[in-house]
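All values derive from a computational prediction rather than experimental measurement.
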Amino acid sequence: MHISETAVPGAYVITPRHLVDERGAFFEHFRSDLLADTLGHPFVPRQINYSVSHRNTLRGLHSVAVPPGQAKYVTCVRGALRDIVVDLRVGSPAFGTYQTTLLDAESGRALYIPEGVGHGFLALDDDTCICYVLSSEHVPGTQIDIDPLDPDLALPWGFDEPPLMSRKDANAPSVAEAEAAGVLARWPVAARGTQSNAVRNSLT
């Protein structure tokens, strides 16, 4: 598999290598050793979630307060989606920067999303299913919701008709409002039980 960093520091696209023959195909979806070598710390799954969406459903932007923090390893296991991650870490040199990635079941492409980074997606097909592998269990009251249509972010969702959204997402605050309320993570964010690469680099 190939792991490449995105425009959002600490967020990575993982592209598997497919082995194809007359029976079909095989690929490795997750390798803890390769990911740990890239991150400089282990990613330990604590919870796995799935969501299924109709075409043109927009979910996000979502993050989790630090603490407890939550890193994510996400992939599309059915259908296709346009995935966007946004750096919401106050003080980050890339604050407000986003990365757009097409995730689909055929490619098996995945994303690693570090703590403090916002995540959302637009479903491109009916019955699109996304899998979230999470570094921490759900803690009620810690989710951070940001307006995915915030004009200051101007994210390229690419829909050609109003998307389907939850009332919670449609009424979520802007990035500026969330920052003023003091709910966003601050840069650098240390991974659970470890130092982040940014912290280590600052010490060398």
Side-chain angles (χ1 to χ4, degrees), residues 1-64 69-87 94 97-138 148 155-160 163-164 191-192 194 196-197:
M1 62 177 55
H2 178 69
I3 302 177
S4 58
E5 192 166 23
T6 71
V8 176
Y12 293 87
V13 175
I14 299 93
T15 304
R17 182 171 66 93
H18 290 246
L19 302 177
V20 181
D21 62 20
E22 64 277 6
R23 300 167 299 169
F26 170 88
F27 64 89
E28 293 181 336
H29 170 63
F30 175 79
R31 281 280 300 269
S32 61
D33 56 341
L34 297 181
L35 188 60
D37 287 345
T38 300
L39 301 178
H41 60 79
F43 173 77
V44 180
R46 300 293 187 188
Q47 183 169 325
I48 298 176
N49 298 338
Y50 295 87
S51 71
V52 180
S53 302
H54 297 298
R55 189 191 69 82
N56 204 45
T57 293
L58 178 56
R59 296 183 186 264
L61 293 166
H62 301 150
S63 185
V64 170
Q70 188 175 82
K72 303 174 182 178
Y73 192 95
V74 303
T75 192
C76 180
V77 297
R78 188 171 61 245
L81 57 92
R82 181 172 296 112
D83 194 286
I84 299 184
V85 294
V86 183
D87 195 338
T97 297
Y98 62 83
Q99 174 78 28
T100 302
T101 307
L102 175 66
L103 301 183
D104 60 289
E106 183 177 1
S107 72
R109 192 178 297 112
L111 272 171
Y112 171 81
I113 305 163
E115 296 181 357
V117 170
H119 173 255
F121 69 87
L122 180 75
L124 303 179
D125 295 330
D126 280 330
D127 201 33
T128 288
C129 182
I130 187 172
C131 174
Y132 307 82
V133 181
L134 308 173
S135 68
S136 63
E137 297 87 354
H138 173 65
L155 301 176
W157 293 110
F159 49 77
D160 52 16
L164 301 172
R192 291 163 62 89
T194 68
S196 69
N197 288 332

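Between L35 and Y12 the shortest side-chain heavy-atom distance does not fall below 4.5 Å. R82 has its side chain within reach of T100: a pair of non-hydrogen atoms, C-beta onward, lies under 4.5 Å apart. A heavy-atom distance below 4.5 Å is not found between the side chains of I14 and L34. Here the side chains of L122 and T57 are not in contact, with every heavy-atom distance at 4.5 Å or above. Y73 places a side-chain heavy atom less than 4.5 Å from the side chain of H29. By the 4.5 Å heavy-atom criterion applied to side chains, V117 and K72 are not counted as neighbours. Between L124 and L102, the closest side-chain pair of non-hydrogen atoms falls below 4.5 Å.
Heavy atoms from other residues, nucleotides or ligands lying under 6.0 Å from NE2 of H18 number more than 12.
Here the closest heavy-atom approach between residue L155 and residue P148 is recorded as CD1-O, 3.9 Å. Nearest approach of V133 to P45, heavy atoms of both residues: CG1-CB, 3.6 Å. Taking all atoms of both residues into account, the shortest heavy-atom contact from C76 to T128 is SG-CG2, 4.1 Å. In terms of heavy-atom proximity, G108 sits nearest to F27 at CA-CZ, 3.7 Å.
The backbone N or O of G69 sits less than 3.5 Å from a side-chain atom of S136, completing a donor-acceptor pair. Without hydrogens or angle criteria, W157 side chain to P163 main chain gives no donor-acceptor distance under 3.5 Å.
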Distance-only check: which donor-acceptor pairs under 3.5 Å involve side-chain atoms of residues 3-10, not counting sequence neighbours?
| residue | atom | partner | partner atom | Å |
| --- | --- | --- | --- | --- |
| E5 | OE2 | G10 | N | 2.7 |
| T6 | OG1 | V8 | N | 3.0 |
| T6 | OG1 | V8 | O | 3.1 |
| T6 | OG1 | A11 | O | 3.1 |

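Relative ring orientation between F121 and H119 is described as tilted, the plane-to-plane angle lying within the 30° to 60° band. Ring geometry for F43 against Y112 counts as perpendicular: the plane angle is over 60°, on a 0 to 90° scale with 30° as the lower cut.
Applying the side chain to side chain donor-acceptor pair (under 3.5 Å) rule to R31 yields the partners E28, D33; only residues at least two apart in sequence or on another chain are considered.
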Legend entry - Intermediate values then yes/no, side-chain contact (heavy atoms from CB on, under 4.5 Å), H54 and D126: CA-CA 4 Å; H54 297 298; D126 280 330; 3.9 Å; yes

Inset, instruction - Take R46 and V44, measure what side-chain contact (heavy atoms from CB on, under 4.5 Å) needs, and give me the verdict at the end. - result: CA-CA 6 Å; R46 300 293 187 188; V44 180; 3.9 Å; yes

Legend entry - Worked verdict on D104 versus S107 for side-chain hydrogen bond (donor to acceptor under 3.5 Å, both in side chains): CA-CA 6 Å; D104 60 289; S107 72; 2.9 Å; yes

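Looking at R109 and T101, their side chains never bring a donor and an acceptor atom within 3.5 Å of each other.
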